[in-house]
Amino acid sequence: MELLESLPGLLKSFWYIAIPTSLIFIIQTIITFSGLDVADGFDTDFDADVHGGDDFQWFSLRNLINFLLGFSWTGISFYSILGENPVFIIMTSFVVGLLFVLLFFFVIKQVQKLAEDNSFKITNTVNKTAEVYLTIPENKNGKGKILISVNGAFHELEAMTENERIPSGTAVKVVKIENNNILIVETI
């Protein structure tokens, strides 16, 4: 600590912020990658929507640490270059701290995209187009099969029609679902 005592006041302040913030960041990273991650949001008494309509919390310990990490290390890094202008150093550090929070927000949004539920649900077939795979008899007199793409994957499903016979290779549109597993289709 004697080394820090001999530094100018502003640089000393940046170091006093950087050291504990870096330690907390390292601990958070270890906890996150070990699977012990816990909620990091403070219970704020705001009545407004501070989440911006999504699961990202703007006011959280993690974001405070990210901001202080960017703020303090930028101040330390640029102090020797911009030492004569403390206002410019503080403003630059503040902007970089905000950029750290925005970068974290961007990374979280990308990770959340990986958690999408792309499991097949037959209800997602309604109003989609498909191709008849096996001929569909007229007036619900039997079942045929269609090939339909849902969430980027092709599915072969049973289908019926309330109209005339639909031959193989015809483009159809799913109009409804019957008995939770049979699609009712019509030609396009």
Side-chain angles (χ1 to χ4, degrees), residues 1-128 148-155 157 177 180-181:
M1 284 301 175
E2 292 176 23
L3 177 67
L4 291 180
E5 295 302 322
S6 64
L7 296 175
L10 182 60
L11 186 56
K12 188 186 327 180
S13 299
F14 283 131
W15 275 107
Y16 280 136
I17 295 170
I19 293 171
T21 301
S22 298
L23 290 174
I24 293 170
F25 178 77
I26 291 168
I27 291 168
Q28 279 182 336
T29 303
I30 291 169
I31 289 173
T32 298
F33 287 117
S34 67
L36 301 172
D37 201 12
V38 293
D40 64 347
F42 290 116
D43 185 16
T44 56
D45 290 327
F46 294 122
D47 288 337
D49 181 20
V50 296
H51 297 245
D54 54 23
D55 292 336
F56 185 75
Q57 296 179 359
W58 287 103
F59 302 106
S60 68
L61 176 62
R62 188 173 304 267
N63 282 343
L64 177 64
I65 296 301
N66 290 335
F67 172 79
L68 291 176
L69 200 65
F71 177 82
S72 61
W73 283 108
T74 301
I76 291 168
S77 300
F78 286 109
Y79 189 83
S80 62
I81 299 168
L82 306 169
E84 296 100 29
N85 194 346
V87 173
F88 189 70
I89 294 173
I90 292 172
M91 289 179 64
T92 303
S93 298
F94 186 82
V95 169
V96 171
L98 289 177
L99 289 175
F100 269 50
V101 173
L102 292 175
L103 176 67
F104 178 72
F105 174 73
F106 175 74
V107 168
I108 291 299
K109 291 307 260 181
Q110 298 307 312
V111 169
Q112 285 176 341
K113 286 181 183 178
L114 297 174
E116 282 184 16
D117 179 19
N118 284 327
S119 60
F120 175 74
K121 294 178 184 71
I122 198 160
T123 54
N124 293 340
T125 62
V126 177
N127 294 323
K128 295 220 184 253
I148 189 166
S149 174
V150 179
N151 294 333
F154 282 96
H155 300 273
L157 302 171
I177 302 168
N180 292 326
N181 65 349

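- Side-chain contact check for Trp73 versus Phe78: every heavy-atom pair is 4.5 Å or farther apart.
- Between Phe14 and Ile89 there is a side-chain heavy-atom pair separated by less than 4.5 Å.
- With values rounded to the nearest 0.5 angstrom, Ile26 atom CD1 is found 12.0 Å from Ile31 atom CD1.
- We find the CG-CG distance between Leu68 and Asn63 to be 11.0 Å, quoted to the nearest 0.5 Å.
- At a threshold of 4.5 Å between non-hydrogen side-chain atoms, the residues Asn180 and Ile122 do not count as touching.
- Residues passing the side-chain hydrogen bond (donor to acceptor under 3.5 Å, both in side chains) test with Ser119 are Asp117, Lys121, sequence neighbours excluded.
- In this structure, CZ on Phe104 lies 11.5 Å from CD1 on Ile65, to the nearest 0.5 angstrom.
- Atom CZ of Phe25 is surrounded by 12 or fewer heavy atoms from other residues, nucleotides or ligands within 6.0 Å.
- Across Ser72 and Ile17, no two heavy atoms sit closer than the pair CB-CG2, 3.7 Å.
- The side-chain heavy atoms of Thr125 and Phe120, taken from C-beta on, include a pair separated by under 4.5 Å.
- Here the closest non-hydrogen pair linking Ile76 and Leu11 is CA-CD1, 4.1 Å.
- Separating the CG atom in Leu98 from the CG atom in Asn66 is a distance of 11.5 Å, to the nearest 0.5 Å.
- The distance from the CG atom of Leu7 to the OG atom of Ser13 is 10.0 Å, given to the nearest 0.5 Å.
- In this structure, the separation between CD on Gln28 and OG1 on Thr21 is 10.0 Å, given to the nearest 0.5 Å.
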